[in-house]
Amino acid sequence: MIPYALLASQGINPSMVATAILTLIAGIGVFLIACKIMSSNLESLSSNKLKSLFAKTSKSKLIGVGIGTVATAAIQSSGATTVMVIGFVNAGIMSLMQAATIIFGANIGTTITGQIVALGMFGANAISTTIVFSAFAGIGAFIMMFAKKDVVQKVGGILAGFGMLFVGLNMMSGSMEEFASLDSVKHFLASISNPVLLVLIGAILTAVIQSSSVMTSLAITMVFTGLITLDQGIYLTLGSNIGSCVVAIIAGIGSGTNAKRTALIHLIFNIAGVVVFMLVGLILREASKGSITFGSLFAKMFPNALNTQMAMFHTIFNVITVILILPLTNLLVKLVTKIIPEKKKKEDKDAPHLYYIDEHLLTTPPIAVQQTKNEIVNMAEIAMRNFTLSCDIVCSMDFKNIEKFRNNENQLNFLNKEIVRFIIKLSKLEMSDKDRMYLSSALHTITDLERVGDYAENIVEYAEKMSSADEQFSDDAVEEIHEMQQLIDELYQKVMKAYVNGDMASLKEANAIEERIDEFTEQMQDGHIRRMDKGICTSDIGAQYMSLASNAERVADHFINVAKTIKDYSVKKKRPAKAK
């Protein structure tokens, strides 16, 4: 009751203030949800393009900046791009240099939201573009409700998110107009003229909201409604660039050393840009005795368009910052490497670990799906290496590589659990039907590969039993095992080609090799029976050999199962051509 009486005593309608505050909160909420809807649907539609974009990362700094700009413009979230890059660095598949340039580009790409917001504020005297664009929310919702095709539904989601963006903007703008009508509020905001304080406020608010796009859009609406001056809005926007680093810092906590360095690069880059612009602003004010500021410069550059002035400052600020920092990228990487040195504690290289997937990749499901596939291919390579080792051990009875074999087996068991856990989390996110079908089949693939490792372990156990009994296979038996091993290696090559590329021709070739393996393992069993009849091999050795042949056949079966999964997701079921 005291705040109510205090406001009323100063001629302020408390109900109006409460309504304005609630409307502002609602507008921010709608805006955030709109960004999320747009981002998730854009990610799904552009999944293949995103995958190819990040596959093109190279030593070229400009290419890195371009990739970061395009990727962020596509998914409408610099935070998602930065967190995704941290995931790549943490997984060891992207260098700090590449990560830095992509983050630079992400800062440019995120300015497109401000440009969209500025565009929506034109047409105040007629039907404003905000109202026109808001109508897309309804259009997109209808498309999502009635469309049957997944792609069309995604397009509807993008339109709905785009429209909701302006619904939220309209609500924020309306609340700002309410505040602008209150002299006490305007006087209070006018009193906050210290650039450093404004930057600090912008940084704190962005850190709380965790969206620089919302903070920038909020600043644009405040300037547009006359609640604050253009210079105040500019310094709030500068602060939002620092506050946006919070997402990356959170992502870096608990991650590897290079992931922490990537987050620090993002923070230093943004702070450096803000410091440079604040120094330039100070010099301009002092040299002109206060007559020239960023606000006055952009007012002249874009007259009679407050919204455009703010949006263009945001874009130009980020572009100039990239131009200034890009040549210093090598020094920046060296600096963060010194600030965050490698841990003195030597890590166990043989300890089980993930090679390609990382929790941070979950922010961008299409990329996470691709990395899951890479992790599974890596698991297949380890399984094949262990099968080869097991055959070498049982043929030579030389156990010098047994430790390597054990480490590989531990790695397979670890990957089996961790990839499945990652897929379960990933499956709960929004993604294309093709990616969802792939993940479903991937669970079976992981089981098949884990079984290959189990059969390799069985073969090593046969070798250990024979070694303890001081027995070994005959030369003929060893030769047959090597032939069988060569056939399975040939099968593995075709299986991986089919799996990685979705190559149906390679699947057909793999099927043919698998049939040859079935026939050959039968020949192995028949041949060994003959050797037993001739007294060349004992019954105990014969039992081990028969089991080995059976295990080899099952290894081939599991590998062919891996290749067959491409029928589920690689080939879209095309409608048969109509007969003429």
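FYI, side chains are in, hydrogens and waters are out, and symmetry mates aren't considered; it's all heavy atoms of this structure.
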Exam field: side chain S291 to backbone S288, donor-acceptor pair closer than 3.5 Å: yes

Looking at side-chain heavy atoms only, is the closest gap between Q371 and E375 below 4.5 Å? no

Would you mind listing every side-chain hydrogen bond (donor to acceptor under 3.5 Å, both in side chains) that reaches into residues 271-280, with sequence neighbours excluded? none

Does the pair F317 and T237 meet the rule for a side chain to side chain contact (heavy atoms under 4.5 Å, CB included), with working shown? CA-CA 10 Å; F317 159 70; T237 301; 6.0 Å; no

Testing the 3.5 Å rule here: is there a donor-acceptor pair between the side chains of T111 and N318? no

Taking the side chain from T206 and the backbone from G202, do they hold a donor-acceptor pair closer than 3.5 Å? yes

Under the side chain to side chain contact (heavy atoms under 4.5 Å, CB included) rule, what do N107 and T321 come out as? Steps first, then yes or no, please. CA-CA 9 Å; N107 272 38; T321 302; over 6 Å; no

The side-chain contact (heavy atoms from CB on, under 4.5 Å) partners of V420 (sequence neighbours excluded) come to N416, I424, L443, I446

For A368, give me all partners under side-chain contact (heavy atoms from CB on, under 4.5 Å), at least two apart in sequence or on another chain. L361, F422, L426

Can you classify the ring geometry of F142 versus F146 as parallel (below 30°), tilted (30 to 60°) or perpendicular (above 60°)? parallel

What are the two closest heavy atoms between I192 and Q232, and how far apart are they? O-NE2, 2.8 Å

Those residues at least two apart in sequence (or on a different chain) that pass ring-ring contact (aromatic ring centres under 6.0 Å, His included) with F302 are none

In chain order, what residues pass the ring-ring contact (aromatic ring centres under 6.0 Å, His included) check against F294, with sequence neighbours excluded? F277, F313

Does the pair I419 and I376 meet the rule for a side chain to side chain contact (heavy atoms under 4.5 Å, CB included), with working shown? CA-CA 8 Å; I419 300 175; I376 290 173; 4.2 Å; yes

State which residues pass side-chain contact (heavy atoms from CB on, under 4.5 Å) with A160; sequence neighbours excluded, sorted by chain then number. M144

Go through F298 and I316 one step at a time and tell me if the side chain to side chain contact (heavy atoms under 4.5 Å, CB included) criterion holds. CA-CA 11 Å; F298 277 82; I316 292 172; 3.6 Å; yes

